[in-house]
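Source: prediction; values computed, not measured. The first residue in the sequence is number 1, and the count goes up from there.
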Amino acid sequence: MFELRDGSCFPRVLAAVNVALACIDGVVGLLAFFQLIRIHSRSRQLGWTRQKVFHLMIGSSNVGYFLYFVLTLVATCKGWLCWSNSCGFVLMACPKILLLAAFLLLLSFWVDLCHQPDDEDDEDEESSSQEALLEKTLNLPSSSNKNSHRKCCSLRAIHIGSRQKIVILVIVLIFVLMVTFAVLIWIGMGKNLIDSSVVARVYVDLFSIAILLLGGALACYGLMLCLKMRKVRSERASSEMSKVAGLAVVSVICFTSSAFVALFTDIPMLYHWHQQPVNGVCTSLLLILYYFIGSSVPSAFVLWVMRELPPSITTVIYVESRPVTFISDSSESVNHPQRWSTATSSQNQISRASPI
């Protein structure tokens with residue numbers, strides 16, 4: 001759909017739109033990683049929380065889009081043969097898969113909350129968004145900076161929910177499917193019966209259907225979650241309900257629009273069809289609808305919803321005391337464990353489930 005012109009690579013309108021989209025995604029990606037660093041500096045002891053995971057996935061997706069738009073301009077001007085086939089396909093597909101993974105993860109949390117027993121609702125509605133997603137850790141008196149670093153990076157003590165395991169499996173299968181299609185597209189570059197454009201078209205259609213299903217699922221479970229949260233009369237519950245409703249509405253609008261653009265136009269495969277003439281204005285509007293509305297807006301909205309920083313955790317240093325012999329009342333020795341249990345229970349109430 002692009003026509004290489006004398007002295008220029010793209011029509012000026014398309015080139016400007018690609019540059020603008022690259023700048024937007026680059027800014028969103030940098031903000032996501034900057035916020036991730038701030039969050040991690042305040043909650044190192046918690047390991048990988050769901051807030052950190054969302055920022056990592058959103059940041060990686062937007063940085064991938066930034067690279068895609070920049071390399072699209074460079075590859076089209078330089079006439080890279082690989083880019084117009086499998087290389088451009090892979091870099092187009094990877095950021096979309098990461099965005100899908102982030103919202104599938106969000107859907108899995110909503111499903112957990114909607115299908116939990118009713119007697120657990122009262123315990124989880126006033127909860128914080130800092131519950132450990134991949135690792136539930138214990139604050140031991142002997143923990144040090146070395147242990148906290150190992151806790152954050154180690155994979156041995158990772159705890160993942162059952163529905164989150166399903167999300168990971170689905171994303172792995174999608175990546176395998178994408179690599180398979182990329183190999184078929186590469187083979188189709190030679191003289192054989194495989195048409196690379198048809199293979200890419202099939203992948204885009206299948207992925208668009210998955211995006212439509214995801215938007216519908218987020219709408220359904222968002223509505224169910226809002227109905228459950230309406231029963232709780234508190235400021236915290238109303239705030240969380242507005243976030244859930246906003247995420248559901250934004251997801252439906254953005255994912256539906258981008259999926260229809262992908263199903264009925266060739267916008268996702270513009271890297272492939274550079275030999276054909278193109279209507280610059282119409283194609284630019286479709287690019288904005290597909291990439292900006294379909295990817296940048298939901299990513300930025302998730303970052304805005306999760307913008308609150310977790311409370312800073314102070315490290316308590318325990319100094320080994322000398323053995324001292326003393327005589328105490330039995331009542332004091334009984335009450336001392338109670339103070340420990342009260343402090344422990346109040347500390348554990350900080351990390352309970354949240355819809356966001």
Side-chain angles (χ1 to χ4, degrees), residues 32 39 48-58 61 96-136 159-171 174 209-256 258-259 294-295 297-308 310 351-356:
I39 294 171
W48 278 102
T49 63
R50 83 174 59 163
Q51 191 180 21
K52 296 178 185 179
V53 172
F54 275 118
H55 279 78
L56 177 63
M57 299 175 76
I58 294 295
S61 175
K96 202 73 175 178
I97 294 176
L98 290 174
L99 185 67
L100 175 71
F103 280 87
L104 278 176
L105 197 60
L106 178 66
L107 177 63
S108 69
F109 292 131
W110 288 7
V111 174
D112 287 339
L113 291 177
C114 288
H115 293 288
Q116 69 181 2
D118 293 336
D119 56 353
E120 296 180 3
D121 291 348
D122 295 335
E123 297 180 0
D124 294 337
E125 273 147 4
E126 297 291 334
S127 58
S128 169
S129 62
Q130 312 307 323
E131 181 188 12
L133 165 69
L134 300 179
E135 187 177 20
K136 295 184 178 178
H159 173 81
I160 305 175
S162 58
R163 291 185 176 92
Q164 285 72 48
K165 292 179 181 178
I166 296 176
V167 170
I168 294 174
L169 178 61
V170 170
I171 296 304
I174 293 176
I209 294 173
I211 290 292
L212 277 176
L213 295 176
L214 175 62
L218 286 170
C220 294
Y221 278 99
L223 178 61
M224 292 173 58
L225 199 55
C226 287
L227 293 177
K228 292 187 68 173
M229 296 176 69
R230 284 183 61 185
K231 301 176 183 179
V232 181
R233 296 181 179 179
S234 67
E235 184 178 354
R236 176 70 176 177
S238 60
S239 175
E240 295 293 327
M241 186 172 62
S242 63
K243 293 178 181 179
V244 171
L247 275 172
V249 171
V250 169
S251 301
V252 170
I253 295 175
C254 296
F255 290 162
T256 302
S258 65
S295 300
V297 171
S299 298
F301 192 80
V302 169
L303 294 181
W304 181 79
V305 167
M306 306 185 72
R307 66 191 183 277
E308 297 179 1
S351 62
R352 289 183 292 186
S354 173
I356 307 303

Atom CG of Leu107 and atom CZ of Phe103: how far apart are they, to the nearest 0.5 Å? 11.0 Å

Stepwise side-chain contact (heavy atoms from CB on, under 4.5 Å) test for Phe109 and Leu113: CA-CA 6 Å; Phe109 292 131; Leu113 291 177; 5.7 Å; no

Qualifying residues under salt bridge (Lys or Arg N to Asp or Glu O under 4.0 Å), relative to Arg163, sequence neighbours excluded: Asp112

Hey, is the main chain of Ser239 close enough, under 3.5 Å, to the side chain of Ser242 for a donor-acceptor pair? yes

Show the nearest heavy-atom pair for residues Gly294 and Phe255, with the distance to one decimal. O-CE2, 3.8 Å

Under 3.5 Å, which donor-acceptor pairs link side chains of residues 214-227 to any protein atom two or more places apart or in another chain?
{"from": "Tyr221", "atom 1": "OH", "to": "His115", "atom 2": "NE2", "distance (Å)": "3.2"}

Checking Phe301 against Leu247 for the side-chain contact (heavy atoms from CB on, under 4.5 Å) test, could you report, in this order, the C-alpha distance in whole Å, the side-chain angles of both residues, the deciding distance, and whether it holds? CA-CA 7 Å; Phe301 192 80; Leu247 275 172; 3.5 Å; yes

Who are the side chain to side chain contact (heavy atoms under 4.5 Å, CB included) partners of Ile97, not counting sequence neighbours? Ile171, Ile174, Phe175, Met178, Tyr203, Phe207

Which atoms form the tightest heavy-atom contact between Met57 and Ala102, and what is the distance? CE-N, 3.4 Å

For the atom pair NZ (Lys243) and CE (Met306), what is the distance rounded to the nearest 0.5 Å? 8.5 Å

Rounded to the nearest 0.5 Å, how far apart are CG of Leu104 and CG of Leu213? 10.5 Å

Which ring pair (Phe, Tyr, Trp, His ring centres under 6.0 Å) pairs, counting each pair once, include a residue from residues 227-254, with sequence neighbours left out? none

Distance (rounded to the nearest 0.5 Å) between Gln164 CD and Leu105 CG: 6.0 Å

Is there a side-chain contact (heavy atoms from CB on, under 4.5 Å) between Ile211 and Ser258? Walk through the geometry before answering. CA-CA 9 Å; Ile211 290 292; Ser258 65; 4.3 Å; yes

Check whether any side-chain heavy atom of Leu56 sits under 4.5 Å from a side-chain heavy atom of Trp48, and report yes or no. yes

Quick one: which residue pairs count as a ring pair (Phe, Tyr, Trp, His ring centres under 6.0 Å) with a foot in residues 222-243, not counting sequence neighbours? none

To the nearest 0.5 Å, tell me how far Thr49 OG1 sits from Phe54 CZ. 10.5 Å

Measure the spacing between CE of Met229 and OG of Ser238 and express it to the nearest 0.5 Å. 8.0 Å

Compare every heavy atom of Ala101 with every heavy atom of Val167, then report the nearest pair and how far apart it is. CG1-O, 4.3 Å

What residues form a side chain to side chain contact (heavy atoms under 4.5 Å, CB included) with Ser295, not counting sequence neighbours? Tyr65, Lys96, Leu99

